[in-house]
Amino acid sequence: MATQRLGLIMHGVTGRMGMNQHLIRSICAIRAQGGVTLSNGDRVMPDPILIGRNPGKIEALAKAHGLERWGTDLERALENTDDTLFFDAGTTQMRPTLLAKAIRAGKHVYCEKPIATNLNEAVEIARLAQGSGLKHGAVQDKLFLPGLRKLDMLRRAGFFGRMLSVRLEFGYWVFEGDLQPIQRPSWNYRKEDGGGMILDMMCHWRYVLDNLFGEVQSVSCIGATHIPRRWDENGQPYEATADDAAYATCELRGHGGEAVIAQLNMSWATRVRRDDLVTFHVDGTDGSAVAGLSSCRAQSRVATPRPVWNPDEKQTMNFFDQWQEIPDSQAYDNGFKIQWEHFIRHVVENAPYKWTLPEGAKGVQLVEAALASWQERRWIDVPALNL
């Protein structure tokens with residue numbers, strides 16, 4: 001069994017997502033397990049160089065995780081032919097330009113979502129990647145969550161019968177910053193810095209809907225800035241210019257050709273009283289299921305109880321107890337790490353891989369359609385994105 005090195009340029013990993021999910025829980029975890037195993041039994045060991053603007057911060061991050069290579073000169077890093085893969089988790093506004101530089105430097109590219117702030121740039125970078133002959137991918141981590149993998153297993157088993165609807169509830173209360181410390185970066189609430197619920201989360205919901213429930217055909221959406229004044233990391237007040245909540249309905253074409261309705265509620269100004277920070281409630285003719293990040297509960301047609309509407313008496317049924325827990329049939333690894341392993345195999349041995357930049361562009365397409373729906377107060381069709 002041989003081990004080969006994969007030189008990896010990691011940009012933007014001092015931020016919360018890039019550091020925790022991509023560097024620590026993915027690349028460092030892969031290195032700790034001895035690399036990624038290929039189909040022939042060989043292993044691939046990622047050898048990252050961390051690139052960032054702040055030399056003190058980037059050096060400290062590298063040393064904290066036993067990494068020898070770090071720097072602040074991205075141009076120089078891209079010139080190194082020993083590093084063949086570029087990853088970006090920096091700002092969305094910079095992403096298309098950085099990806100284009102990396103592609104023109106002959107690097108395979110992998111990046112966080114959204115891949116751009118607008119559809120024109122998303123399509124342009126997707127086409128550039130496709131025409132380059134290089135490997136490319138966009139993060140679609142939600143597909144690898146245990147709860148959604150269980151939900152997908154039910155779908156593939158035909159559990160739902162004809163799927164009818166999906167109801168997504170996402171969010172929690174993000175502290176304003178005056179009383180309690182903020183738990184999300186302040187830029188998330190400034191439109192000029194690439195913030196906003198619709199831009200952030202509609203990219204996620206597009207690939208979840210398309211892959212698990214049905215291809216998005218149209219959308220009706222309204223956004224809101226419920227909390228107009230927040231406090232930043234330095235305790236200074238600022239005006240929130242981006243939407244912190246959105247409420248959308250999507251029409252889907254199910255995998256069997258049936259019409260499926262998806263309702264999407266997402267908010268950073270809601271207090272949680274549900275099983276998880278995100279839940280997906282799926283109803284079908286033969287059964288229903290509710291999935292969170294980790295768990296999934298189901299109720300079949302033959303096990304459906306008979307509730308009776310009577311507003312004059314207190315409800316005696318405990319509806320939460322009437323659902324069957326879908327067991328953990330396997331060990332579930334970190335979703336970001338799983339997709340990293342898929343992409344590394346794709347780069348090294350050309351293993352099949354479908355979570356490409358064109359798929360990322362579809363997410364931006366739904367973002368633009370949702371924003372247009374909000375602005376124009378109407379349904380917006382989402383046509384096939386031909387790349």
Side-chain angles (χ1 to χ4, degrees), residues 15-18 20-21 89-95 112-119 139 141-142 166-209 216 219-250 262-281 292-293 363-378 380:
R16 176 177 57 95
M17 186 69 70
N20 292 328
Q21 295 292 5
T91 64
T92 307
Q93 295 99 320
M94 293 175 58
R95 186 158 298 132
E112 259 292 346
K113 60 91 206 133
I115 68 169
T117 59
N118 61 80
L119 183 57
V139 172
D141 58 287
K142 300 292 184 289
V166 182
R167 186 171 71 252
L168 178 150
E169 296 284 347
F170 165 80
Y172 50 95
W173 194 275
V174 175
F175 295 136
E176 296 91 327
D178 55 341
L179 296 180
Q180 303 103 328
I182 60 176
Q183 72 269 48
R184 285 180 60 86
S186 59
W187 69 263
N188 288 161
Y189 306 96
R190 291 190 293 266
K191 184 178 181 180
E192 60 272 22
D193 291 334
M197 175 65 81
I198 293 174
L199 178 59
D200 188 13
M201 298 309 299
M202 274 298 194
C203 294
H204 280 305
W205 307 147
R206 178 65 192 270
Y207 67 73
V208 170
L209 293 175
V216 176
V219 61
S220 171
C221 180
I222 183 170
T225 305
H226 289 311
I227 309 296
R229 182 177 170 88
R230 293 180 177 271
W231 283 255
D232 64 17
E233 289 80 358
N234 298 315
Q236 298 299 309
Y238 68 95
E239 179 185 359
T241 55
D243 47 294
D244 58 16
Y247 310 90
T249 303
C250 293
Q263 296 171 289
L264 316 174
N265 291 332
M266 58 206 97
S267 175
W268 288 313
T270 184
R271 295 175 177 91
V272 180
R273 195 178 190 275
R274 49 187 133 85
D275 291 336
D276 213 329
L277 297 184
V278 62
T279 56
F280 299 82
H281 184 123
L293 297 172
V364 182
Q365 180 191 33
L366 185 57
V367 167
E368 283 207 352
L371 290 171
S373 174
W374 178 16
Q375 181 178 9
E376 300 170 20
R377 301 183 67 83
R378 68 181 180 91
I380 300 292

Tell me the closest heavy-atom pair linking [X] and [Y], and the distance in Å.
X: D232; Y: I182; answer: C-CD1, 4.1 Å
X: D141; Y: Y207; answer: N-OH, 3.3 Å
X: S267; Y: A269; answer: OG-N, 2.8 Å
X: A369; Y: V219; answer: CB-CG1, 3.7 Å

Can any side-chain N or O of [X] pair as donor or acceptor with the backbone N or O of [Y] at less than 3.5 Å?
X: E368; Y: L119; result: yes
X: R95; Y: P114; result: yes
X: D275; Y: G292; result: no
X: R206; Y: L209; result: no
X: R230; Y: Y238; result: no

Rounded to the nearest 0.5 Å, what separates atom [atom1] in [X] from atom [atom2] in [Y]?
X: C250; Y: M202; atom1: SG; atom2: CE; answer: 5.5 Å
X: R274; Y: T279; atom1: CZ; atom2: OG1; answer: 5.5 Å
X: D178; Y: W231; atom1: CG; atom2: CH2; answer: 4.0 Å
X: Q93; Y: W187; atom1: CD; atom2: CH2; answer: 7.5 Å
X: L199; Y: L366; atom1: CG; atom2: CG; answer: 11.5 Å

State, with a plain yes or no, whether a side-chain heavy atom of [X] is found less than 4.5 Å away from one of [Y].
X: W173; Y: W268; result: no
X: E112; Y: T92; result: no
X: L264; Y: M266; result: yes
X: W205; Y: V166; result: no

Which residue pairs pass the side chain to side chain donor-acceptor pair (under 3.5 Å) test with at least one member in residues 188-202, sequence neighbours excluded? K113-D200, R184-N188, R184-Y189, R184-D200, S186-R190, R190-D193, E192-T241
What do the steps show when you test V174 against D244 for side chain to side chain contact (heavy atoms under 4.5 Å, CB included), and what is the final call? CA-CA 9 Å; V174 175; D244 58 16; over 6 Å; no
Assess the residue pair R271 and R273 against the criterion (side chain to side chain contact (heavy atoms under 4.5 Å, CB included)); give the C-alpha distance rounded to whole Å, side-chain angles, the decisive distance to 0.1 Å, and a yes or no. CA-CA 7 Å; R271 295 175 177 91; R273 195 178 190 275; over 6 Å; no
Residues in ring pair (Phe, Tyr, Trp, His ring centres under 6.0 Å) contact with H281, at least two apart in sequence or another chain: W323
Check the surroundings of atom CD in Q375: do more than 12 heavy atoms from other residues, nucleotides or ligands lie under 6.0 Å from it? no
Please assess D243 against W374 for the test side chain to side chain contact (heavy atoms under 4.5 Å, CB included), listing each intermediate value before the final yes or no. CA-CA 11 Å; D243 47 294; W374 178 16; 3.9 Å; yes
For R378, which residues count as a side chain to side chain donor-acceptor pair (under 3.5 Å) partner, sequence neighbours excluded? E376
